[in-house]
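The structure appears right after this line, and notes come after that.
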Amino acid sequence: MQLVYLSNRPEVLVGTLRAVEHWMPWATEAVVCAPVTDLAALRELDTSVSLTVVEDTEVSGLSPNELAGLDHVSRNVTLRRAMLEQGLLAETFILSDDDYRPLAKILPTDFVLSDGRHQGYWFHRLDTWAANDTAYDRAQTRTLATLRLLGTETLAYGAHMPQVMRRVWLSEAFEAADDVGAGALIDEWSLYFNVASARHPEGFAPPRPFRTLAWPAWPHQWEHEVAPNPIRFENHYPEHELPGGLFEGLAPVTTATGALDRIERWRAAEIAIGELRFDPGWKDPWTQGRASRRRVMDAMRFGAKIRNYLDFGS
């Protein structure tokens with residue numbers, strides 16, 4: 001089974017490949033699209049996974065400046081579609097990213113069932129995604145509009161975990177998006193599973209909830225519509241391993257307790273942040289480790305306690 005990556009971070013990709021070697025030993029081949037500045041480092045990675053490394057400008061036909069001028073969603077979609085059109089993808093492949101790390105034993109049947117049907121994993125509904133601030137958010141809105149025009153379901157499959165796809169069906173999905181003028185600012189994961197499952201229902205099992213830890217990056221950045229269960233992958237943020245990160249000091253994900261410790265640390269943070277308690281050492285998105293911002297959160301927590309007390313007495 002072929003894995004497909006975009007990467008401009010060799011140090012992140014090698015950590016992910018170590019986890020793949022350990023937890024997904026049946027995945028022995030990968031194609032990686034990367035900038036020219038990272039080609040040599042990626043080609044020299046010490047890994048048992050057979051790597052084919054290709055340059056992003058050569059694959060896409062765009063210059064480095066043109067690629068740099070795209071928002072990250074449009075860039076990723078442009079490169080993945082170019083890899084598809086250049087014939088670099090296997091008939092059936094697993095689309096991933098350099099920071100989607102397995103945390104536990106993964107079987108081929110997690111993606112392709114014994115009867116040959118493909119298993120997709122959703123994490124939200126596009127019509128209840130409440131933000132429209134970032135390129136990622138805008139892609140969710142545009143994908144929703146695209147799928148409504150195409151008359152398909154509108155589940156969000158950009159679950160920050162690997163997902164299995166068929167090359168021909170992905171091409172069909174992009175062509176369908178072209179027919180309604182969607183362009184590159186689109187969620188290719190959601191586009192694929194909603195369109196392909198509508199056109200080829202016999203090829204898909206009913207969608208399951210996603211299996212990703214650290215999506216979002218911090219608890220309560222947005223609320224889950226469906227809980228990840230079981231957890232099988234980590235959406236890896238390098239900063240989580242650094243001082244102030246959620247997983248600072250924890251063992252690698254390839255060790256016996258690597259996954260358990262991460263899930264436990266995440267849950268503890270989930271409870272604390274839900275109560276507006278922030279560890280002084282955290283570099284979280286709300287306080288950034290600043291005492292002044294923590295004091296504001298303390299005041300908000302105190303105010304919430306007062307409100308709860310008054311509501312109880314009324």
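- Listed by chain and number, the residues in a side chain to side chain contact (heavy atoms under 4.5 Å, CB included) with Glu58 are Glu55 (sequence neighbours excluded).
- Note on Asp187 versus Arg142: no salt bridge recorded, every NZ/NE/NH1/NH2 to OD/OE distance being 4.0 Å or above.
- The shortest side-chain heavy-atom distance between Arg43 and Val53 falls under the 4.5 Å cut-off.
- Taking each heavy atom of Ala19 and Arg101 in turn, the nearest pair found is CB-CB, 4.4 Å.
- Counting heavy atoms from C-beta outward, Tyr136 and Trp129 have side chains that approach closer than 4.5 Å.
- Leu103 and Leu13 fall into different hydrophobic clusters, where Ile, Leu, Val, Met, Phe, Trp and Tyr residues are linked whenever their side-chain heavy atoms come under 4.5 Å apart, directly or through other members.
- In this structure, Leu147 and Glu153 have side chains that are not in contact, with every pair of non-hydrogen atoms separated by 4.5 Å or more.
- Side-chain heavy atoms closer than 4.5 Å link hydrophobic residues (I, L, V, M, F, W, Y) into clusters, and following such links, even through other members, never connects Ile263 to Met161.
- Val168 and Val164 fall within the same hydrophobic cluster, where Ile, Leu, Val, Met, Phe, Trp and Tyr residues are linked whenever their side-chain heavy atoms come under 4.5 Å apart, directly or through other members.
- For Thr47, the side chain to side chain contact (heavy atoms under 4.5 Å, CB included) partners are Leu17, Arg18, Glu21, Leu45, Val49, Leu51, not counting sequence neighbours.
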Start with the C-alpha distance between Glu270 and Arg267, add both sets of side-chain angles, then the distance that settles salt bridge (Lys or Arg N to Asp or Glu O under 4.0 Å), and finish with yes or no. CA-CA 5 Å; Glu270 192 172 44; Arg267 179 54 182 161; 2.7 Å; yes
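- Annotation: salt bridge (Lys or Arg N to Asp or Glu O under 4.0 Å) contacts involving residues 59-83, sequence neighbours excluded, comprise Asp56-Arg75, Arg80-Asp97, Arg80-Glu188, Arg81-Glu85, Arg81-Asp178.
- Residues Trp169 and Phe204 bring their aromatic ring centres within 6.0 Å.
- Looking only at side-chain heavy atoms (C-beta outward), Met83 and Leu6 come within less than 4.5 Å of each other.
- Taking 4.5 Å as the limit, every side-chain heavy atom of Thr146 sits out of range of all side-chain heavy atoms of Leu149.
- Applying the salt bridge (Lys or Arg N to Asp or Glu O under 4.0 Å) criterion to Asp115, with sequence neighbours excluded, gives Arg117.
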Acceptor/donor pairs from residues 225-234 side chains to any protein atom, 3.5 angstrom cut, sequence neighbours excluded:
unit_1 : atom_1 : unit_2 : atom_2 : d
Glu225 : OE1    : His124 : ND1    : 3.0
Glu225 : OE1    : Thr128 : OG1    : 2.6
Glu225 : OE2    : Arg125 : NE     : 2.9
Glu234 : OE1    : Arg262 : NE     : 3.1
Glu234 : OE2    : His236 : ND1    : 3.3

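- By the ring-ring contact (aromatic ring centres under 6.0 Å, His included) test, Tyr157 pairs with Phe193, sequence neighbours left out.
- The side-chain contact (heavy atoms from CB on, under 4.5 Å) test with Val4 is passed by exactly one of Leu88, Leu84, Leu89: Leu89.
- Heavy atoms only, all atoms of each residue included: Leu144 and Asp127 are closest at CD2-CA, 3.9 Å.
- Every pair passing ring pair (Phe, Tyr, Trp, His ring centres under 6.0 Å) that includes a residue from residues 49-106 is listed here, sequence neighbours excluded: Tyr100-His160.
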Below 3.5 Å, can you tabulate the donor-acceptor pairs from side chains in residues 22-42 to any protein atom, sequence neighbours excluded?
unit_1 : atom_1 : unit_2 : atom_2 : d
His22  : NE2    : Thr254 : O      : 3.2
Trp23  : NE1    : Val253 : O      : 3.1
Trp26  : NE1    : Ile106 : O      : 2.7

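- The stretch residues 156-174 participates, sequence neighbours left out, in no salt bridge (Lys or Arg N to Asp or Glu O under 4.0 Å) pair at all.
- Contacts classified as salt bridge (Lys or Arg N to Asp or Glu O under 4.0 Å) and involving residues 207-217 (residues at least two apart or in different chains) are given here: Asp110-Arg211.
- Nearest heavy-atom pair, Ala159 versus Thr212, reported as atom, atom and distance to 0.1 Å: O-OG1, 2.8 Å.
- Residues Leu126 and Leu155 have side chains not in contact (no heavy-atom distance under 4.5 Å, counting atoms from C-beta outward).
- Scanning both residues, Val195 and Ala173, for their nearest heavy atoms gives CG1-CA, 4.0 Å.
- A ring pair (Phe, Tyr, Trp, His ring centres under 6.0 Å) check over residues 239-277, counting only residues at least two apart or in different chains, returns the pairs Trp218-His240, Tyr237-His240, His240-Phe247.
- In this structure, Ile271 and Glu275 have side chains that are in contact, with non-hydrogen atoms separated by less than 4.5 Å.
- Between Ala135 and Leu185, the shortest heavy-atom distance links the atoms O-CD1, 3.7 Å.
- In this structure, Leu62 and Thr57 have side chains that are not in contact, with every pair of non-hydrogen atoms separated by 4.5 Å or more.
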Quick one, Trp282 with Leu246, criterion side-chain contact (heavy atoms from CB on, under 4.5 Å). Give me CA distance, side-chain angles, the key distance, then yes/no. CA-CA 7 Å; Trp282 282 347; Leu246 270 183; 4.1 Å; yes
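- Residues passing the salt bridge (Lys or Arg N to Asp or Glu O under 4.0 Å) test with Arg199: none are found, sequence neighbours excluded.
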Apply side-chain contact (heavy atoms from CB on, under 4.5 Å) to residues Met165 and Tyr192 and explain how you reach the verdict. CA-CA 8 Å; Met165 296 185 180; Tyr192 172 79; 3.6 Å; yes
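- For the 3.5 Å distance criterion, the side chains of Thr16 and Asp98 fail to qualify, holding no donor opposite an acceptor.
- Residue Leu79 comes nearest to Ser60 through the heavy atom pair CD2-CB, 3.9 Å, listed as atom of the first residue, atom of the second, then distance.
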What's the verdict on side-chain contact (heavy atoms from CB on, under 4.5 Å) for Phe111 and Thr92, showing C-alpha distance, side-chain angles and the deciding distance? CA-CA 11 Å; Phe111 300 105; Thr92 299; over 6 Å; no
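- Annotation: Phe210 is not in aromatic contact with Trp215 [ring centroid separation under 6.0 Å not met].
- Between His220 and Trp222, the gap from one ring centroid to the other reaches at least 6.0 Å.
- The residues Arg9 and Glu11 are annotated as not salt-bridged, no charged nitrogen and carboxylate oxygen being separated by less than 4.0 angstrom.
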Please report the C-alpha distance between Asp261 and Thr257 in whole Å, then the side-chain angles of each, then the deciding distance to 0.1 Å, and finally whether the side-chain hydrogen bond (donor to acceptor under 3.5 Å, both in side chains) criterion is met. CA-CA 6 Å; Asp261 291 344; Thr257 64; 3.2 Å; yes
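- There is no path of hydrophobic side-chain contacts, each under 4.5 Å, that joins Val12 to Val14.
- Within a 6.0 Å sphere centred on CD of Glu202, other residues, nucleotides and ligands contribute more than 12 heavy atoms.
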